[in-house]
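Here the structure comes first, spelled out in structure tokens, and everything after it is commentary.
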Amino acid sequence: MTLRNHSTILEFSLLGLSADPHVQALLFVLFLGIYIMTLIGNLLMLLVFRANSHLQTPMYFFLSHLSFLDFCFSSATVPALLKNLLSQKKTISVGGCLAQVFFVFESGGTEACLLSVMAYDRYVAICHPLLYGQMMSNQLCKGMVWGSWGLGFLDAFVNILLTMNFDFCDKSIPHYSCDLPSLFPLSCYDVSTNFAVLLCSSILHGIGTCFLIVYSYIPIVSTILNISSSLGRSKAFSTCSSHLAVVLLFYGSGFLHYLMPVSGSPLELIFSVQYSVITPLVNPLIYSLKNNEVKAATKRTLRKYLQYIR
């Protein structure tokens with residue numbers, strides 16, 4: 001292929017959101033409010049799980065890591081977005097861009113693995129309730145969580161390691177944050193190898209974890225349908241409803257985000273905002289509103305600390 005003349009590019013221009021100062025001010029207030037609520041919601045979940053001894057079970061151990069992941073996932077993109085909304089020069093250094101891509105990959109990949117681990121936890125709880133304590137030992141739970149973190153790190157590391165050798169001919173990213181697919185068109189050289197690695201890792205990581213979740217829920221649904229009493233079926237389903245809601249939101253917004261072509265279109269930006277900004281906010285709301293134990297523990301914790309402040 002013909003190589004274009006180029007100089008060393010040290011920073012990228014982010015062109016994803018409106019250039020109108022009035023719109024930028026409104027977006028800043030909106031995203032700042034969402035980010036603050038995201039931090040408060042996920043930190044509150046961590047506090048609730050820590051402060052209530054009866055929530056020291058495998059399910060809530062996994063939920064505490066999910067809240068921490070949502071905290072990290074949101075913090076990887078939103079602070080930089082807020083800074084650029086207040087800046088005339090909407091740029092990010094090449095190193096900062098690659099670091100952002102790495103942390104988005106790490107937290108997103110780890111969350112996908114963790115959701116599949118949580119599906120297995122629900123499978124054991126519903127299909128083998130008498131063996132739950134034996135099958136979901138502390139050692140196994142910790143191993144699955146750290147395995148999720150390790151797989152997320154490995155996926156992010158491999159993709160970023162290949163991208164660090166890029167030589168860029170263009171500096172304009174049609175997006176509000178850095179994302180690996182948006183960097184491919186900026187490269188001066190052939191990126192087919194990088195694209196193949198990204199595609200393979202996405203299939204293994206994204207589709208693979210999605211398959212494990214579906215595989216866990218097939219016997220769960222079968223077991224619930226075989227429960228004779230409607231009250232028993234309702235109670236069994238309620239233990240899975242929060243997890244299912246989070247899975248549908250995460251995978252639905254993720255697939256829509258990554259299947260859209262990198263063009264900077266309004267629809268692409270909407271899906272991206274839903275995936276990286278809205279999802280970390282909604283997850284703690286889903287568990288605090290749909291899970292009665294978490295709802296009650298949250299109320300107790302808030303009353304306790306409000307009394308302490310007074």
(message) Any side-chain to backbone donor/acceptor pair from D70 onto T279? Under 3.5 Å, distance only.
(response) no

(message) Let me check something: do L151 and F250 share a hydrophobic cluster, defined by ILVMFWY side-chain heavy atoms less than 4.5 Å apart, either directly or through other members?
(response) no

(request) Treating Ile, Leu, Val, Met, Phe, Trp and Tyr as nodes and any side-chain heavy-atom pair under 4.5 angstrom as an edge, say whether L204 and F211 lie in one connected cluster. (result) no

Nearest non-hydrogen partners of [X] and [Y], listed with the distance:
| X | Y | result |
| --- | --- | --- |
| L183 | I173 | CD2-CD1, 3.9 Å |
| A245 | I286 | CB-CG2, 3.9 Å |
| K83 | T91 | NZ-O, 3.9 Å |
| Q100 | S177 | OE1-CB, 3.4 Å |
| L46 | F68 | CD2-N, 4.3 Å |
| Y251 | G206 | CE2-O, 3.6 Å |

(request) Kindly give the cluster partners of V214, where membership spreads through any ILVMFWY side chain lying under 4.5 Å from a current member. (result) I218

(request) Would you mind listing the cluster partners of V158? Hydrophobic ones only (ILVMFWY), side-chain contacts under 4.5 Å, chaining allowed. (result) L154, L162, V197

Please identify each residue that fulfils side chain to side chain donor-acceptor pair (under 3.5 Å) with [X], with sequence neighbours left out.
| X | value |
| --- | --- |
| Q56 | none |
| N194 | none |
| Y60 | N291, E293 |
| S107 | none |

Please report, to 0.1 Å, the donor-acceptor pairs under 3.5 Å made by any side chain of residues 121-129, with sequence neighbours excluded.
unit_1	atom_1	unit_2	atom_2	d
D121	OD1	Y132	OH	2.5
Y123	OH	H128	NE2	3.0

[atom1]/[X] to [atom2]/[Y] distance, rounded to the nearest 0.5 angstrom?
| X | Y | atom1 | atom2 | answer |
| --- | --- | --- | --- | --- |
| L39 | I34 | CG | CD1 | 12.0 Å |
| I207 | L212 | CD1 | CG | 11.5 Å |
| I92 | N84 | CD1 | CG | 7.0 Å |
| H65 | C113 | NE2 | SG | 13.5 Å |

(request) Show your reasoning for whether side-chain contact (heavy atoms from CB on, under 4.5 Å) applies to F105 and I160. (result) CA-CA 9 Å; F105 256 78; I160 286 298; 6.0 Å; no

(message) Determine whether the aromatic ring centres of residues H243 and Y217 are separated by less than 6.0 angstrom.
(response) yes

Side chains of [X] and [Y], heavy atoms from C-beta outward: is any pair under 4.5 Å?
| X | Y | result |
| --- | --- | --- |
| L114 | M144 | no |
| Y120 | Y215 | no |
| F184 | L198 | yes |
| P284 | L44 | no |
| L66 | M45 | no |
| L180 | T163 | yes |
| K142 | W146 | yes |

(message) Please determine whether a side-chain nitrogen of the Lys or Arg among K90 and E11 lies less than 4.0 Å from a carboxylate oxygen of the Asp or Glu.
(response) no

(message) Between S201 and N159, do the side chains contain a donor N or O and an acceptor N or O under 3.5 Å apart?
(response) yes

(request) Decide yes or no on side-chain contact (heavy atoms from CB on, under 4.5 Å) for M118 and V246, but give the supporting numbers first. (result) CA-CA 11 Å; M118 293 170 71; V246 170; over 6 Å; no

N/O donor to acceptor pairs below 3.5 angstrom from side-chain atoms of residues 270-278, sequence neighbours left out:
unit_1	atom_1	unit_2	atom_2	d
S272	OG	H175	NE2	3.4
S272	OG	Y176	OH	3.0
S276	OG	Y176	OH	2.7
S276	OG	S272	O	2.9

(message) Quick test of your reading: applying ring-ring contact (aromatic ring centres under 6.0 Å, His included), list the pairs with at least one residue in residues 74-100, sequence neighbours left out, ordered by first then second residue.
(response) none

(request) Please collect all disulfide bond (SG atoms under 2.5 Å apart) contacts where either partner lies in residues 26-67, sequence neighbours excluded, each pair once. (result) none

(request) Any pair with a residue in residues 21-52 that passes disulfide bond (SG atoms under 2.5 Å apart), sequence neighbours left out, goes on the list, sorted by first then second residue, please. (result) none

Can you give each donor-acceptor pair under 3.5 Å made by side-chain atoms of residues 72-80, sequence neighbours left out, with the distance rounded to 0.1 Å?
unit_1	atom_1	unit_2	atom_2	d
S75	OG	Y35	OH	2.9
S75	OG	F71	O	2.8

